[in-house]
Each structure stands twice: as C-alpha cells, then as structure tokens.
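Chain letters run A, B, ... following the sequence lines, proteins first and then strands; every chain starts at 1.
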Protein chains: 2
Amino acid sequence: MGKDHQKPTDAELEILQVLWQTGPCSVRQVHDTLAGGRDVGYTTTLKLMQIMAEKGLVRRNTDTRSHIYEAVVAEQDIQQHLLRRFVDTAFRGSAMNLVMQALGQHNAGSEELDEIKALIQRIEQGGNADSDNPPT
Amino acid sequence: MGKDHQKPTDAELEILQVLWQTGPCSVRQVHDTLAGGRDVGYTTTLKLMQIMAEKGLVRRNTDTRSHIYEAVVAEQDIQQHLLRRFVDTAFRGSAMNLVMQALGQHNAGSEELDEIKALIQRIEQGGNADSDNPPT
DNA sequence: TTGACAATACGAAAGCCTTCGTATATCTTT
DNA sequence: AAAGATATACGAAGGCTTTCGTATTGTCAA
C-alpha cells in the first residue's frame, strides 16, 4: 500500500547517491561531495534537499544546527522502480532485451559473469529464489 | 562532428517507438496509435514531431500533403545511449548490478534465459570482440 | 465554385526542475 | 560583546517540456 515512491529527478538522484554512500550527513557534506564534479552553489543543494524532505524522499533531524539528512527510501527500491520504468519506456517492457544489451555493451569480468550464471541457475531451479540478497 | 545523439524526452520516445514499430508514417497514424492509451490532442502530437524534426531526431518528407515522418536514429542506438546514461545515474556505473536486478525482477522464460546463457558463452569465449570502448 | 474536412504552422500558456540571491538566525573566536 | 563565518528559509527567475487554441492552407466532392 505504501505508495511512497515518486520518481526522483536527476539532481535528486545525485543527492541520494551521496546519502546512500556515506550515510546520514549534513547539507554541507553532500554539497562538498557533489561540488567535486559539478559547479553549483551551496544554496542550490540546500534547496533541493529541502524539497526532497517535503516530498518525503529524505528525512531530516533538525535538533542540531546543521540538520542531518538521511535517505528514506532504500537504494534498491529506487533502482527497482526506475528500472521498471526505464524498461517500459525505452525497451517496450522487454527486460530481457535490456539485459542482453547491457551485457553486450559492458565487457564483464569472468567473476561477474559467474554471478549472473549463478543467478540464472537459481531462477531456473527455484522459480523464484531470492532468499538471500546477494551483495552488491 | 556528428553529435546526433540528444536524449529524447519521454514524449519524444513514445513517438519514436511508434515510428520504429510501424516504420515511416504520418502524424495522424502516430497520433491514432498513441491516442489509444493516452488522451492528447492531435496538434500536440504534431507539434512534438515538428520539434523532433528540428532537433534531427526524425526526418520528414513534405512532398505529400500529409508529411511522412521517419526516425533518423536507430532504436538500438538510442537504447544504448539511454542505457549508458541510466546505468551511470541510477546504478553508479555498474551495469552488472543492473543486469542482476533486471533478471531478479523479471521472471524470464527458459528460452530467454537460454539466450542469455548463449550470450554469456559467446562473451566468455570470444574474449572481447568489440572492446573499443574506452572507459571514462 | 463553394462548403466541409483535414493538415500544417505558430504562438503562447502551464507545469516542473534547477539555480541563485538575499534575509535571518546561530555559532565561534577574539 | 562584536565581527565574521556558517546555517536555514524563502522567493523568484530561467529553461525546458508538454499542451492546446487558432489561423492558414490544401483537398475533395457535389
């Protein structure tokens, strides 16, 4: 029932990446991390994160002076959601097509290929075996 | 330099899907196809396709009264482009991660899985046939 | 020819995302 | 306590996408 998922925008996703990677942190930290690659004002990052708080994408603790933000949604959940959407719009719903292209485009190492083979085996056997979450 | 690839917007992508699927056709055809699921005015579709022509996403033949549009870019090219972008923004560049999630989320038929296995085999054996992809 | 219909061209509004400037409050250091 | 640095709040501008209304032009049949 929790219809939380809204589609984060590109800028929001960038911020979420930082929060996911480094855990809860201040606007300053997020901004400094981002400012390495981009060139954007501090208040821009601040504003975005405020909006994200309004949207419910992040939660913030306002006890301390510099508020501490943390992602509300799990990275995998967002990825699932975006992936589904992406498959629909760009691949006409064919996830398999996407997988094939992704495999072809990316030169995967043998370990990664092994992982995939293992996953395929699990799917073939158990029908739906997602018992444990394979690490990223 | 051919910097053809711009990222098509969502609406543009929908139109491209029609063009890819049915081949060159008129605005009317595209609109009727789209109007099945959406609810949008004819001139909206027209305008979008005109803009797409300006951007170089589609080409049009104006000899006949109702212009005939056709996609300039190949579906696979756009998919590649979008996929790359998507992997970067949503999966931090890890195509393998995306593949795993896509496989897990979609319950694939055995034939599809076989296809993937075949592709993996080809990759494993042939090493990297097309490895002219310099990483960024 | 004229009336009805269909197609294109074009301007402009509405909505969303991103960006920043500025005002205000709080902390720190001397 | 005062100055300077740092934080948040907030409004508003600029861009881009999507949408549509309206004008104009072309087509076909009676």
Side-chain angles (χ1 to χ4, degrees), chain A residues 5-19 24-70 78 81-82 85-86 88-90, chain B residues 3 5-19 24-70 78 81-82 85-86 89-90:
Chain A
H5 284 191
Q6 322 197 40
K7 184 193 172 193
T9 67
D10 281 350
E12 287 170 348
L13 198 50
E14 263 188 314
I15 289 171
L16 283 174
Q17 300 285 12
V18 176
L19 292 180
C25 56
S26 66
V27 175
R28 171 66 53 191
Q29 284 174 282
V30 171
H31 175 67
D32 286 354
T33 303
L34 250 47
R38 318 271 265 80
D39 177 25
V40 76
Y42 171 81
T43 54
T44 301
T45 307
L46 171 65
K47 179 74 164 184
L48 279 173
M49 293 178 73
Q50 286 171 340
I51 292 175
M52 290 168 75
E54 275 176 23
K55 290 191 189 174
L57 280 167
V58 299
R59 177 187 322 137
R60 65 176 176 176
N61 182 338
T62 61
D63 292 347
T64 53
R65 178 158 113 88
S66 73
H67 303 170
I68 298 302
Y69 288 72
E70 97 185 280
I78 291 287
H81 185 235
L82 292 177
R85 209 184 158 79
F86 182 65
D88 280 348
T89 60
Chain B
K3 45 97 88 283
H5 283 190
Q6 321 197 41
K7 185 191 171 193
T9 67
D10 282 351
E12 286 170 349
L13 198 50
E14 263 187 315
I15 290 172
L16 283 174
Q17 301 284 14
V18 177
L19 292 179
C25 57
S26 67
V27 175
R28 171 66 53 192
Q29 283 174 282
V30 171
H31 175 67
D32 286 353
T33 303
L34 250 44
R38 318 270 265 81
D39 176 26
V40 76
Y42 171 82
T43 53
T44 301
T45 306
L46 171 64
K47 178 74 164 184
L48 279 173
M49 293 178 73
Q50 286 171 339
I51 292 176
M52 290 168 77
E54 275 176 23
K55 290 191 188 175
L57 280 167
V58 300
R59 177 187 323 137
R60 64 175 177 176
N61 182 338
T62 61
D63 291 348
T64 54
R65 177 159 114 85
S66 73
H67 302 169
I68 297 302
Y69 288 72
E70 96 184 282
I78 289 288
H81 186 233
L82 293 178
R85 209 184 158 78
F86 182 65
T89 60

Enquirer: Residues two or more places apart in sequence or in another chain: which of them pass side chain to side chain contact (heavy atoms under 4.5 Å, CB included) with A:T64?
Expert: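 For A:T64, the residues satisfying side chain to side chain contact (heavy atoms under 4.5 Å, CB included) (neighbours in sequence not counted) are A:I68.
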Enquirer: Please report the distance, rounded to the nearest Å, between CE in B:M49 and P in D:dT17.
Expert: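 Value for this atom pair: 17 Å.
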Enquirer: For C:dA9 and B:Q50 - does any side-chain N or O of the residue sit under 4.0 Å from the phosphate oxygens OP1/OP2?
Expert: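 B:Q50 to C:dA9 OP1/OP2: side-chain N or O found under 4.0 Å.
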Enquirer: Which letter, B, S or -, goes with each nucleotide of nucleotides 19-27 of chain D from 5' to 3', with contact meaning a protein heavy atom under 4.0 Å?
Expert: BBBB---BS
Enquirer: Is the shortest side-chain N/O distance from B:R60 to OP1 or OP2 of C:dA7 below 4.0 Å?
Expert: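 Checking B:R60 against C:dA7: no side-chain N or O falls below 4.0 Å of OP1 or OP2.
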Enquirer: Calculate, to the nearest 0.5 Å, the distance between atoms CG and CE belonging to A:L19 and A:M52 respectively.
Expert: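 One gets 6.5 Å once the value is rounded to the nearest 0.5 Å.
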Enquirer: Mind checking side-chain hydrogen bond (donor to acceptor under 3.5 Å, both in side chains) for B:R28 and listing every partner two or more places apart, or none if nothing turns up?
Expert: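 Once residues adjacent in sequence are excluded, B:R28 has no partner under the side-chain hydrogen bond (donor to acceptor under 3.5 Å, both in side chains) criterion.
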Enquirer: With distance as the sole test, does B:Q17 use its side chain to make a donor-acceptor pair with the main-chain N or O of A:T89 at under 3.5 Å?
Expert: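 Between the backbone of A:T89 and the side chain of B:Q17 there is a qualifying donor-acceptor contact (under 3.5 Å).
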Enquirer: Between A:M52 (CE) and C:dC16 (P), how many Å, whole number?
Expert: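 Result: 18 Å.
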Enquirer: Let me know the distance between CG of A:D10 and C1' of C:dC17, rounded to the nearest Å.
Expert: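 Rounding to the nearest Å, CG of A:D10 and C1' of C:dC17 are 10 Å apart.
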Enquirer: Using ring-ring contact (aromatic ring centres under 6.0 Å, His included) as the criterion, list what pairs up with A:H31, not counting sequence neighbours.
Expert: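 A:H31 satisfies ring-ring contact (aromatic ring centres under 6.0 Å, His included) with A:Y42 only.
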Enquirer: How many Å lie between CD on B:E12 and P on D:dT18, as a whole number?
Expert: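 For the pair B:E12 CD and D:dT18 P, the rounded distance is 6 Å.
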Enquirer: For B:E54 and C:dG11, give me the distance from atom CD to atom P, rounded to whole Å.
Expert: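 After rounding, the reported distance stands at 11 Å.
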Enquirer: Rounding to a whole Å, what distance do you find between B:N61:CG and C:dT8:C1'?
Expert: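 The distance from CG of B:N61 to C1' of C:dT8 comes to 15 Å, rounded to the nearest Å.
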Enquirer: Send over the distance from B:L57 CG to D:dT18 P, rounded to a whole Å.
Expert: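 Rounding to the nearest Å, CG of B:L57 and P of D:dT18 are 12 Å apart.
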Enquirer: Could you state the atom-to-atom distance from OH of B:Y69 to P of C:dT8 in whole Å?
Expert: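 Atom-to-atom, B:Y69 to C:dT8, this comes out as 6 Å.
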Enquirer: Look only at the side chain of A:S26 and the backbone of A:Q29, and say whether a donor-acceptor pair between them is shorter than 3.5 Å.
Expert: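 Present.
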Enquirer: Could you tell me whether the phosphate oxygens of D:dT18, OP1 or OP2, come under 4.0 Å of any side-chain nitrogen or oxygen in B:T9?
Expert: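 Yes, within the criterion.
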Enquirer: With sequence neighbours excluded, tell me which residues meet side-chain hydrogen bond (donor to acceptor under 3.5 Å, both in side chains) with B:R38.
Expert: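 Partners of B:R38 under the side-chain hydrogen bond (donor to acceptor under 3.5 Å, both in side chains) test: B:E14.
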Enquirer: Would you tell me if any nitrogen or oxygen in the side chain of B:R28 comes within less than 4.0 Å of OP1 or OP2 on C:dC5?
Expert: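 No, outside the criterion.
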Enquirer: Do B:E12 and B:K7 come close enough that some side-chain heavy atom pair is under 4.5 Å?
Expert: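 Counting from C-beta outward, B:E12 and B:K7 never come under 4.5 Å.
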Enquirer: Pairs under 3.5 angstrom, nitrogen or oxygen only, protein versus nucleotides 28-30 of chain D, please.
Expert:
none

Enquirer: Please identify which of these residues, B:L46, B:L16, B:T45, meets the side-chain contact (heavy atoms from CB on, under 4.5 Å) condition with B:V30.
Expert: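 Of all the options given, the one that passes is B:T45.
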